[in-house]
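As C-alpha cells, the structure follows; a few thoughts come after it.
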Number of protein chains: 2
Amino acid sequence: MFTLSEENYLKTIYHLGLNSEIGVSTNEIAKKMQTKASSVTDMIKKLSDKNLVVYKKYKGVRITDFGRNTAANIVRKHRLWEVFLVEKLNFSWDEVHEVAEQLEHIKSPKLINELDALLGFPKQDPHGDPIPDKEGNYYPLEKKLLATLGIGEKGICVGVNDSSSSFLQFLDKQKIALGNEIKVLGKEPFDDSIQIQIANRELSISNKIANNLYIKILQGS
Amino acid sequence: MFTLSEENYLKTIYHLGLNSEIGVSTNEIAKKMQTKASSVTDMIKKLSDKNLVVYKKYKGVRITDFGRNTAANIVRKHRLWEVFLVEKLNFSWDEVHEVAEQLEHIKSPKLINELDALLGFPKQDPHGDPIPDKEGNYYPLEKKLLATLGIGEKGICVGVNDSSSSFLQFLDKQKIALGNEIKVLGKEPFDDSIQIQIANRELSISNKIANNLYIKILQGS
DNA sequence: TTATTATTTTAGATAAGACTAAAAATTAAT
DNA sequence: ATTAATTTTTAGTCTTATCTAAAATAATAA
C-alpha cells in the first residue's frame, strides 16, 4: 500500500495530467502542492520505484495505467465521501472538501462499496464532478459554462469550475444549488453580466460568476 | 493538534490507566502497542511536553485531565464509527474495529456531531462498550458475566469482554447478537458449561464463552 | 551560437518515529 | 544488604518526508 504523502502526490499528478499530452513538470506539482521542487523530485523517484509513474530526469512525469487506476480510486473515495457529507450529515458544499481530503485515505474496500450503495450509487459529487467507478472509469457530463449560453436557453446547474469556498459560499447565499434549473433571460453587453431566472426568482449574475458555473443544456430549449 | 502516533499512544495509556490508581508502566504500553520500550519512552516525553500525561522517570505515566478528555474524544469517535459501520454499512461486529481504528483519527467536530445525530445518539457501540459524550463522560452499563448468573436468571446480551475476531465470529455463527434475551436454563458442574435459551433456541455454552459475554440483568427475573 | 535565465536535480541537514545495544535505576531474591 | 534480575532510559542509527543551497541541465534571448 501507499503512504499518505504518496497518495497526495499521485492525486495531484493525476489531476494535472488529465488535460495534457506531455509529462507533468516538477514545478507544476510543487506549486500545486505548496512544496519545494526538490521535495517533488524525491517523491517522484519513490512513485516511479512503485510503478505509479514513469519518470525521466528533467522531462517530468507521466502517470502509468496502474497509477491512474490507483489515483482514480482515491478520487472515487473523495467524491463519495463528499456526497455522504452533504446528503447524510448536512454539510454545505463549501465545507466538504477539507474533511474528504482526510477520509479519502481510509483503507477498506468494503467501506467504500457499502458507502456507494448507501448513497444510491451516485454519479456526481456535490460540485458536479464525476465519480469514477470501481474500475476507475467515469463519464463526464455534457456541460457548458453559463457564460456561453444564448438568450432563451435553459439548463440545469450541474457543477462549478472554481470550487473555492468563497465562491461556493456566494452560491449558497444566492440560493444557487446543484440541480436548479436556470434560464437565460438576457445579457448585458456593457459589463457582460447575465440576467437569469432560477427557481421563480430573477437574478443578475456577473460575468465572472457565469464563467464558473456549469450548466447541462436541456433538450428543446 | 496531535499526530496519529501521539493519538494512538494516548489512547492506549487512557485504556490501561482506567482501572489502576498508579501510573502506567513503559513496558505495559510497549506490550500493548507491539513496540519497544525505548520507543515508548521517546513518545512519553512528547506527550508530557504537550501536557497530555505527567511523566516521572522510571515511575510510569499518569494521564492528565486534558489527556483524558482528548483520549475520550478519540474513543467517542471510534465507537460512533463502529455503530455507523454496523447500522448503516452492513458490517458485522468483528469487522468494524480495524476500520474504526483509521476513522477515529479524522479531524472534524462537525463530522462527529452530525454522525452522532444520524445514528440517534447511541450510548453503546456494537460490542456493548459505552460511547463517551462530547465532554468525555460516559455511563457504563450495570452488567454481569453470563457465567455468574444463576439458574432461572435472564438478561440481555450487552457486550463482550474479549473482542477478538475469532470470538466475535463464533458468536455470529451461533447467532448470538447484542440485544438478544438470554435465560439460564441450567448449569453443568462437570465442565461448568451453561444451558441457555436464546431467541427460542436452546444452546449449551462452554464456560470460556460464558466468561466473555456480558449480560444486563432484567428486573424481575 | 553563446550567454543568460529558468528549471530541475543533487547533496547535505533536520524532525518524527521507530529500532538495537548498552547503561542506569529499580525491584526481587538470597 | 548485597547481589541478581528486571525494567527503564540513553545513545546512536535508520527511514520517510521535508527543507536549503549549490550544481547541472534545459530553455530563451541576444
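Keep in mind that what you see is a predicted model, and the values were worked out from it rather than measured. A note on names: the letters A, B, ... follow the listed sequences, proteins ahead of strands, and every chain is numbered from 1. Scope of the values below: all heavy atoms of this structure, side chains included, with no hydrogens, waters or symmetry mates.
Put simply, A/K57 has a side-chain N or O that comes within less than 4.0 Å of OP1 or OP2 on C/dT10. Within the structure, a side-chain polar atom (N or O) of A/K36 is placed less than 4.0 Å from OP1 or OP2 of D/dT20. Distances shown here put a side-chain N or O of B/Y55 below 4.0 Å from the OP1 or OP2 atom of D/dT9. Contact check, B/S39 against C/dG17: no side-chain N or O comes under 4.0 Å of OP1 or OP2. The phosphate of D/dA17 (OP1 or OP2) has a side-chain N or O of A/K46 nearer than 4.0 angstrom.
Ranked by how close their nearest DNA chain D nucleotide is to the 5' end, B/T41 and A/S5 are led by B/T41. Remark on DNA chain D: of its neighbouring residues B/Y58 and A/E6, the 5'-side contact belongs to B/Y58, judged by nearest-heavy-atom nucleotide.
Between the side chain of A/S38 and the base of D/dT20, at least one donor-acceptor pair of N or O atoms lies under 3.5 Å.
With respect to the salt-bridge test (charged N to carboxylate O, under 4.0 angstrom), the residues A/K107 and A/E7 qualify.
DNA chain D lies under 4.0 Å from at least one heavy atom of each of the following residues of residues 7-28 of chain B: B/S25, B/T26, B/N27.
C/dA16 atom P lies 10 Å from atom CG of B/D49, rounded to whole Å. Counting to the nearest Å, the P atom of C/dG17 and the CD1 atom of B/I44 are 14 Å from each other. What separates CG of B/L4 from C1' of C/dA16 is a distance of 12 Å, to the nearest Å. Computed from coordinates, the A/I29 CD1 to D/dA17 C1' distance equals 16 Å when rounded to whole Å. Taking atom NZ on B/K59 and atom P on D/dT9, their separation rounds to 11 Å, with Å as the unit. The separation between A/M43 atom CE and C/dT9 atom C1' is 16 Å, rounded to whole Å. Distance A/K56 NZ to D/dT25 P: 17 Å, rounded to the nearest Å.
Side-chain contact, B/S92 with B/D94: a donor N or O sits under 3.5 Å from an acceptor N or O. In summary, the side chains of A/D162 and A/S164 do present a donor paired with an acceptor at a separation below 3.5 Å, with no hydrogens or angles considered.
Of the candidates C/dA18, C/dT9, C/dG17, C/dG17 carries the atom nearest the B/T3 side chain, counting heavy atoms from C-beta on.
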Stepwise side-chain contact (heavy atoms from CB on, under 4.5 Å) check, A/F91 with B/L111: CA-CA 8 Å; A/F91 276 62; B/L111 172 64; 4.1 Å; yes
Are A/R68 and A/D65 close enough, and set up right, to give a salt bridge (Lys or Arg N to Asp or Glu O under 4.0 Å), and what steps lead you there? CA-CA 5 Å; A/R68 192 174 1 260; A/D65 285 350; 2.9 Å; yes
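Note on ring orientation: taking the six-membered ring where Trp is involved, the planes of B/F84 and B/W81 are perpendicular (angle over 60°, cut-offs 30° and 60°). A tilted orientation is assigned to the rings of B/H97 and B/H78, their planes being inclined by 30° to 60°.
No more than 12 heavy atoms of other residues, nucleotides or ligands sit less than 6.0 Å from atom CD of A/E98.
Between A/G155 and A/I215, the closest heavy-atom pair is CA-CG2, 3.5 Å.
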With a cut-off of 3.5 Å and sequence neighbours excluded, list every side-chain donor-acceptor pair involving residues 128-141 of chain A.
unit_1	atom_1	unit_2	atom_2	d
A/D133	OD1	A/E135	N	2.8
A/D133	OD1	A/G136	N	3.1
A/D133	OD1	A/N137	N	3.0

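Looking at heavy-atom distances under 4.0 Å, B/K45 makes contact with sugar-phosphate atoms alone, never a base.
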Show the distances under 3.5 angstrom between N or O atoms of the protein and N or O atoms of nucleotides 12-14 of chain D.
none

